[in-house]
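Down below is the structure, laid out as structure tokens.
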There are 2 protein chains.
Amino acid sequence: MTLVNASSRRKELIRIAARLFVVEGFDRTTVRMMAKDMGIKSGSLFHHFRDKQEILCAVIEEGMHNALALANHALSEAHDTPRGRLDAMVRAHLETLLTDRNAHVVALYEWRRLDDESRSHLVHLRDAYEALWKEVIEDASEAGLVYGDPLSARRFVLGALNWTVRWYDPEGPRSPESLAQELVTMITHSPASPA
Amino acid sequence: MTLVNASSRRKELIRIAARLFVVEGFDRTTVRMMAKDMGIKSGSLFHHFRDKQEILCAVIEEGMHNALALANHALSEAHDTPRGRLDAMVRAHLETLLTDRNAHVVALYEWRRLDDESRSHLVHLRDAYEALWKEVIEDASEAGLVYGDPLSARRFVLGALNWTVRWYDPEGPRSPESLAQELVTMITHSPASPA
DNA sequence: AATTAACACTAGCGCTTGCTTGGTTAGCCC
DNA sequence: GGGCTAACCAAGCAAGCGCTAGTGTTAATT
């Protein structure tokens, strides 16, 4: 029970830190701010984390871990066609971007604030995630769904997707699924695949 | 002469600050760092700028101003067809992203660090730039070059373009023109327009 | 009843931060 | 050559920073 509680408590603290990192940025977020939002004193924070850097790393790791899990799940349930897997990946990416929004915004904006140690640790998670995309885009390319160099296509698509955090309003009328469909339609020049 | 020199001196200082903001981030860049790179003492910095915020604002303003000028010029010289203007805008955007790379990276990453005053000042420049894109994308959409909702398409395209600062290597073998062509090809499903 | 471990608190150290102040220098104009 | 101004410097202030040391407090385990 101790371990389970410690773990869920830790996740809660990470969630709180993530929100602050988004609003204030990593550098402007002080340990005193975080402690206040967590309901403890600033000194107590260092019982849970070695230093401020470790909190940043934990926030990003959490987000990437979830993204990887969601993408794998989406692929396993997707129609086993190039188009089906492409749809699934785009949808999964947008869903993660929303459900773990804070963590991903931090990953996108504060990546440079990581020290070398944390970065090399996290880069493996990112590579694993990109490997999934690599295969899906290459299959789509071979099937004639995507024009041009698959590597460039992957980067363009991921760029378009990640950019959505800057303008997409989750409270608005448009669902992430419809947004995903729109992107795939724009790229493939053909409407969504039949169910 | 005094005015001209003062102005060019100021631009030089802004350029130096921009480079530091990219390498270190705005918050981690201290006034002492900037002063050192500029060859003056930290106190002297406040003879040129009211405060640190003003430097950030100046960096971003400079980049946006150039982007707007380049885009307008590109459109004026472009083939007067939907495809020609689309090509021109994509190419111009990538070119600006490279020639004023530091300023644009700062604009993309440090936008949130602006205070309300600076932000509302800069937002007009951004709106003017986006208005150019709006027209170009809508024309391309009507001409059947781009599929789906023009507003979404614009956001996807700008996302894909802006994301290039994260992976494109200006020293590498690929030219920005070829990259521009590749993106347009991917979206329109047809090779570059004839000269 | 004694021990342990997890968690929190108080207090503050050593350092850096953005910015101010008061004064100096060099070039320009009438 | 006296007055003006832009540009710079030396010195330092007040505030805030990340982090540490030492000390309870609580609850489960022995």
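Residue numbers begin at 1 in each chain, while the letters A, B, ... track the order of the sequences. Both backbone and side-chain heavy atoms feed into the values below; hydrogens, waters and symmetry mates do not.
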Output side-chain donor-acceptor pairs under 3.5 Å for residues 48-62 of chain B, partner residues at least two apart or in another chain, one line each.
from, atom 1, to, atom 2, distance (Å)
B:Arg50, NH2, B:Glu54, OE1, 3.3
B:Asp51, OD1, B:Gln53, N, 3.4
B:Asp51, OD1, B:Glu54, N, 3.1
B:Lys52, NZ, B:Phe26, O, 3.0
B:Lys52, NZ, B:Thr29, O, 2.9
B:Gln53, OE1, B:Asp115, N, 3.2
B:Gln53, NE2, B:Arg113, O, 2.6

Please list every donor-acceptor pair under 3.5 Å in which a side-chain atom of residues 135-148 of chain B meets a protein atom from a residue at least two apart or in another chain.
from, atom 1, to, atom 2, distance (Å)
B:Glu138, OE2, B:Lys134, NZ, 3.0
B:Asp139, OD2, B:Arg85, NH2, 2.9

Just list the side-chain donor-acceptor pairs under 3.5 Å for residues 97-107 of chain B, sequence neighbours left out, or say none.
from, atom 1, to, atom 2, distance (Å)
B:Thr99, OG1, B:Glu95, O, 3.1
B:Asp100, OD2, B:Asn66, ND2, 2.7
B:Arg101, NH2, B:Val165, O, 2.8

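Atom CE of B:Met33 is separated from atom P of C:dT16 by 11 Å (rounded to the nearest Å). What separates CE of A:Met34 from P of D:dC17 is a distance of 11 Å, to the nearest Å. Distance, B:Lys52 NZ to C:dT16 C1': 12 Å, rounded to whole Å. One interatomic measurement links the two molecules: NZ of A:Lys36 to P of D:dC17, which rounds to 12 Å at whole-angstrom precision. The distance from atom CD of B:Glu24 to atom C1' of C:dT17 is 15 Å, rounded to the nearest whole Å. In this structure, A:Arg28 places its CZ atom 12 Å from C1' of C:dT17, rounding to the nearest Å. Atom CG in B:Leu56 sits roughly 13 Å away from atom P in C:dG18 (whole-Å rounding). Rounded to an integer number of Å, the gap from B:Asp115 CG to C:dG18 P is 15 Å.
Listed in residue order, the members of residues 37-51 of chain A having a heavy atom less than 4.0 Å from DNA chain C are A:Ile40, A:Lys41, A:Ser44, A:His47, A:His48.
The salt bridge (charged side-chain N to carboxylate O under 4.0 Å, His left out) contacts involving residues 30-46 of chain A comprise A:Arg19-A:Asp37, where partners must be two or more places apart or lie in separate chains. Within the structure, salt bridge (charged side-chain N to carboxylate O under 4.0 Å, His left out) contacts touching residues 181-192 of chain B (residues at least two apart or in different chains) are B:Arg174-B:Glu182.
Looking only at distances, a side-chain donor or acceptor of B:His124 sits under 3.5 Å from a matching main-chain atom of B:Ser120.
Between B:Arg9 and D:dC8 there is a side-chain polar atom (N or O) within less than 4.0 angstrom of OP1 or OP2.
One donor-acceptor pair, N or O on each side, does fall under 3.5 Å between the base of C:dG18 and the side chain of B:Arg32.
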